[in-house]
Amino acid sequence: MPGPYSRETIDAKLDAIRADVRALDAKLSGQIVALDSKLSGQIVALDSKLSGQISSSEARLEGKIDGLRTEMRIWILIIGLVVSPVVAGIGARVATSVLPAPGPAQNGLR
């Protein structure tokens, strides 16, 4: 007497399992393709949005940097205008205290 299952019963069950696996494979493959397409579209949209935001941020930063450069140049000019006369005055005082006063021979009169 053969075992509790005949060869035909086992083959029928294996064929049913194979059919279920093929159907599941087809279903999952379709879902994977749909998900891949959806994610690709979202990635492209996100990339576009981020590129726009980065460009906008770069433009704002460049504007702020240019403003700071202009402000720095103005401050350098102001400091130069304030410091130059002070240094010139100190230099004149040092020169007059160190150098002898010009006499008649030194200023072109003999």
Side-chain angles (χ1 to χ4, degrees):
M1 175 169 190
Y5 295 104
S6 69
R7 178 72 184 175
E8 292 81 24
T9 305
I10 293 172
D11 286 343
K13 289 193 182 268
L14 286 174
D15 288 340
I17 291 171
R18 285 184 190 117
D20 287 345
V21 169
R22 285 186 187 116
L24 183 60
D25 178 52
K27 180 181 175 184
L28 290 176
S29 293
Q31 289 177 345
I32 289 171
V33 167
L35 182 61
D36 182 55
S37 175
K38 180 181 177 182
L39 288 177
S40 293
Q42 289 176 342
I43 289 171
V44 167
L46 182 61
D47 181 54
S48 176
K49 182 178 178 181
L50 288 176
S51 294
Q53 289 177 345
I54 289 171
S55 296
S56 173
S57 295
E58 285 177 348
R60 280 185 287 153
L61 285 175
E62 286 176 7
K64 288 181 180 183
I65 289 170
D66 288 343
L68 289 173
R69 283 183 182 146
T70 301
E71 187 176 337
M72 185 176 67
R73 288 181 183 135
I74 291 170
W75 278 108
I76 289 171
L77 177 65
I78 290 170
I79 290 169
L81 291 173
V82 169
V83 169
S84 292
V86 172
V87 170
I90 292 171
R93 285 186 191 151
V94 168
T96 57
S97 66
V98 173
L99 298 176
Q106 290 176 340
N107 63 10
L109 301 174
R110 288 192 170 207

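Bear in mind the structure is a predicted one, so any value in this text is a computation, not a measurement.
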In Å and rounded to the nearest 0.5 Å, what is the [atom1] to [atom2] distance from [X] to [Y]?
X	Y	atom1	atom2	answer
Arg69	Glu62	CZ	CD	9.0 Å
Ile65	Glu58	CD1	CD	10.5 Å
Ser84	Ile79	OG	CD1	11.0 Å
Ser48	Gln53	OG	CD	10.0 Å

For Gly80 against Pro85, the heavy-atom pair lying closest together:
O-CD, 4.3 Å
Can you name the one residue among Val44, Asp36, Ile43 that meets side chain to side chain contact (heavy atoms under 4.5 Å, CB included) with Ser40?
Asp36
With sequence neighbours left out, which residue pairs that include part of residues 14-26 fulfil the salt bridge (Lys or Arg N to Asp or Glu O under 4.0 Å) condition?
Asp15-Arg18
Cluster companions of Leu81 among Ile, Leu, Val, Met, Phe, Trp, Tyr (side-chain spacing under 4.5 Å)
Leu77
List, by chain and number, the other hydrophobic cluster members for Leu46, where Ile, Leu, Val, Met, Phe, Trp and Tyr join if side-chain heavy atoms come within less than 4.5 Å, directly or indirectly.
Leu50
Should Tyr5 and Leu14 be counted in the same cluster of Ile, Leu, Val, Met, Phe, Trp and Tyr side chains packed under 4.5 Å apart?
yes
Would you tell me whether Thr70 and Arg73 have side-chain atoms, one donor and one acceptor, within less than 3.5 Å of each other?
no
